[in-house]
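Note sheet for the following structure.
Order of listing sets the numbers, starting from 1, for every ligand and every atom in it. Atom set for the values below is all heavy atoms of this structure, side chains included, hydrogens, waters and symmetry mates excluded.
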Amino acid sequence: MQADPVRLERSGDIGLILVNHPPVNALSHAVRLGLIEALAAFEADGSLRAAVLACDGRTFIAGADINEFSQAPEQGEPLLHVFLRALDACQKPVVAALHGTALGGGFEVALACHARVIAPDGYVGFPEVRIGLLPGAGGTQRTPRLVGPLVALDLVTSGRHVPADEAMALGLVDEVATDLRRAAVARAGQLAAAGLLPRVADRTIPAFDRAAFEAALALVHRRARGALAPVRAADAVTFALTSPLQDGMAYETALFRELLAGPQSRALRHLFRAERIAARPPHGVAPRPVRRVGVVGGGTMGSGISVALTDAGLDVTLVEVSPTAADAARQRVQAVYDRQLRTGRLSERLHEERTGRVRYESDLRALRDCDLVIEAVIEDLDAKRAVFRALSGIVRRDTVLASNTSYLDVNLLADEVDAPERVLGMHFFSPAHVMRLLEIVRPARALPEALATSLAVARRLRKQAVVAGVCDGFIGNRILAKSRAQAEYALEDGALPADVDAALEAYGMAMGIFAVLDMAGLDVDWADRRRKAAIRDPRQRVVPVFEQICEKGRFGQKTGRGFYLYRDGQRLPDPDVTTLVEAASAARGITRRTVPPEEIQQRVHAAMVNEGANVLSDGIAARPADIDVVLVHGYGYPAWRGGPMHEADEIGLREILHRVEALHDASGLGWEPAPLLVELARTRKTFADLNR
Ligand code: T1G
């Protein structure tokens, strides 16, 4: 049993209430109990005239202990409110010393203190909405009193982390101090000497622009796309504008309990754990240090990967086939940074530093000192083989060699090098400097050190890594191919692209499947579909519309027409596509019908789950939760649904099996129920049982 996680020490006549509960000083039951006891001891000690509340380790309290939420409610006593009420009643000043990420309940504790001092590299925030909750210990009521309703609304509904300098500018903290502990002790002494007890709770809501607040509220509702927590958090802030603090706290608690008991928070807390388990490195294996990274190929992906690596502080050398091509790559990287500068997302200093940190070469030998090389040339096996063969004679034997391929067999690339155990796939998603998902593709001979190294680089890039086995499409694209097939079948059955996309967006997807295809460019997929057509069983049901659109040279947004017509920045139904779809129905002898949105949603979801079960059986994904992480972070699956496999458990696998059997009845070969799904349904087990 760990020693008491909270202790009371002193610095002269200033008390130090210190929390030590690794890894993030979460407000577990023991910590809450310790805080109550330490505060009482501080108050009772007449020789202490003020106190500082601080934490050991990497961060100030980063929030409530998420693991406790799935435990029985009685575990929750004493609630955080008990400690906060004791703080409110305290007759001696307590100053919070914030470092690392003072988040959620941690920042709510800080708001109940009499002042807040933060380290220059510290952050504050309310990430509760990211796990389907809202600040449940006064955050929605104190924050509008401290910094006004508009800032409060932004913080509690976005969940974003606010850096120290912005927190100071907004008035969330009172001081930014490099010597944090000393500054907090000094401030506590000053408050005591002045006899001041400034409480956020004593403040009233400052004057604010009501029209701006109403507009911000409307934006929260629009952006929620089915997520409940941001909307409820906005309700709580709105309630604060016209209610006494205690009434507001009671209302906030009611909303908090409603969300905690609901499916969305269960789903988002599932994802919180799943993301960390998916990215966990092999136990006891040290990653190799990576500072210099080579990128081969400076097209859209190669330049995007170079930006992601540069943003993470790595030294990047990008190699293209010629000086002209290398310069074109430089221009692509430059364009990304110029846009960030123009839109104010990047300072002049960082713009200059980052654009200057990438080297552009046209000779692979420039990569000889690299610790990692990422190949991002065209999706052609021979072209990639040639790169790996050449690299093998240039880089060190322990340099990790990774391919950005989206479906090719990485084992075949490993065959080309002298030390195949250091070869794997790092499948980025476009745009590579934006999309969080990174599939780490592990071929048969890859050593744990190579895997650990690529996972460490993913973490450095702040990417969400998921390890995949080698198959056509790995995890995400393999599942997407099946769900997209169902979307195309729905066209033949009677729907139009706009109907399918509307149904999927109503489901919470960021964008409908056909709109995404038009945005990415149909030509990208066309090559892949031709490749698959060459190896596909001719008895499988295939809808010809995609190919027919491509044969007209229509590749989506970039040509002004694809599944939709693009005019004056608008996406419009294309009558030509309607004609093609109707002809496809006729050719298959289908009498077109209205396909209800729920049917489209269920068929697409069932297709994902069934193929996900096959992906698991084939050992391509280690656990169902990894599949959820891939679909949420790479394919716009609504996070508040937890991912397709989690959602299947929520619906029930017997029902899911019935839906898959219906797909099989309607579409035949290639739609057989996955044996794993059949087995789980038969034995009344869940995918969650496989996540352990
Ligand atoms: N509870 C329990 N464990 C937590 C935790 C938490 N709040 N936060 C992190 N961990 C574990 C995590 O599972 C991992 O464990 C390890 O710490 C390192 O995390 C009342 C109700 C703080 C920014 O939502 O955002 O307060 O996998 O890998 O990348 O109103 O963790 O190693 O075993 O993420 O450096 C609100 C969630 C809670 C913060 C650090 N707070 N955490 O990121 O490390 S609800 C949050 C994070 C609340 C109040 C409400 C991040 C981080 P393991 P990590 P990191």
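- By the 4.0 Å heavy-atom criterion, Arg459 is counted among the residues contacting ligand 1.
- When heavy-atom distances to ligand 1 are checked against a 4.0 Å cut-off, Val24 comes that close only through its side chain, counted from C-beta outward.
- Looking at heavy atoms from C-beta onward, Asp311 lies in side-chain contact with Arg354 at the 4.5 angstrom threshold.
- Judged by the 6.0 Å and 45° rule, Arg116 forms no cation-pi pair with Phe107.
- Using a 4.0 Å cut-off between heavy atoms, Phe69 contacts ligand 1 through its side chain alone, with no backbone atom that close.
- For ligand 1, the polar-atom distance check against Gly136 finds a nitrogen or oxygen pair separated by under 3.5 Å.
- Within the 4.0 Å heavy-atom shell around ligand 1 one does not find Glu68.
- Using a 4.0 Å cut-off between heavy atoms, Arg273 makes no contact with ligand 1 at all.
- Ligand-side atoms of ligand 1 in range of Thr101: 22 (C), range being under 4.0 angstrom from any heavy atom.
- Contacts between Asp65 and ligand 1 below 4.0 angstrom, taking non-hydrogen atoms only, involve backbone and side chain alike.
- Of the listed options Ala64, Ala137, Gly159, Gly63, Ala64 places a heavy atom closest to atom 7 (N) of ligand 1.
- Interface atoms of ligand 1 facing Phe256, defined by a heavy-atom separation under 4.0 Å, are 21 (C).
- Within a 4.0 Å radius of atom 1 (N) of ligand 1, the protein has at least one heavy atom.
- Atoms of ligand 1 found under 4.0 Å from any heavy atom of Gly104 (numbered from 1 in listed order, with element): 26 (O).
- For atom 54 (P) of ligand 1, the nearest protein heavy atom lies closer than 4.0 Å.
- The shortest separation from a heavy atom of Pro135 to ligand 1 is under 4.0 Å, placing the residue in contact.
- Residue-level proximity to ligand 1 for Phe272 is carried by the side chain, the only part with a heavy atom below 4.0 angstrom.
- Within the 4.5 Å cutoff, side-chain heavy atoms of Phe428 are placed close to those of Lys463.
- Considering Arg266, Arg641, His270 in turn, Arg266 is the only one that fulfils the side chain to side chain donor-acceptor pair (under 3.5 Å) rule with Glu650.
- In this structure, Arg273 does not pair ionically with Asp628, as no charged nitrogen and carboxylate oxygen lie closer than 4.0 Å.
- Every atom of ligand 1 with a heavy atom of Glu108 under 4.0 Å away is listed here by number and element: 20 (C), 30 (O), 49 (C).
- With a heavy-atom cut-off of 4.0 Å, Arg280 touches ligand 1 through its side chain alone.
- Side-chain contact between Glu449 and Arg288 is present, with heavy atoms from C-beta onward closer than 4.5 Å.
- When the heavy atoms of Val129, Thr140, Leu103 are ranked by distance to atom 23 (C) of ligand 1, first place goes to Leu103.
- Of all atoms in ligand 1, numbered sequentially from 1 with element shown, those under 4.0 Å from a heavy atom of Arg58 are 18 (C), 35 (O), 40 (C), 44 (O), 55 (P).
- In this structure, Thr253 OG1 and Leu260 CG are separated by 11.5 Å, a value rounded to the nearest 0.5 Å.
- Contact atoms of ligand 1 toward Asn67: 2 (C), 3 (N) (distance under 4.0 Å to a heavy atom of the residue).
- At distances below 3.5 Å, at least one donor-acceptor pair connects side-chain atoms of Glu252 with backbone N or O atoms of Thr140.
- The shortest side-chain heavy-atom distance between Ile277 and Val629 does not fall under the 4.5 Å cut-off.
- In this structure, Lys92 satisfies the cation-pi test against Phe42, with its NZ or CZ atom closer than 6.0 Å to the six-membered ring centre and inside 45 degrees of the ring normal.
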*For Thr686 and Asp689, what are the C-alpha separation, side-chain angles and deciding distance, and is it a side-chain hydrogen bond (donor to acceptor under 3.5 Å, both in side chains)?*
CA-CA 5 Å; Thr686 62; Asp689 292 329; 3.2 Å; yes
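- The CG atom of Leu155 lies 11.0 Å from the CG atom of Leu150; values are rounded to the nearest 0.5 Å.
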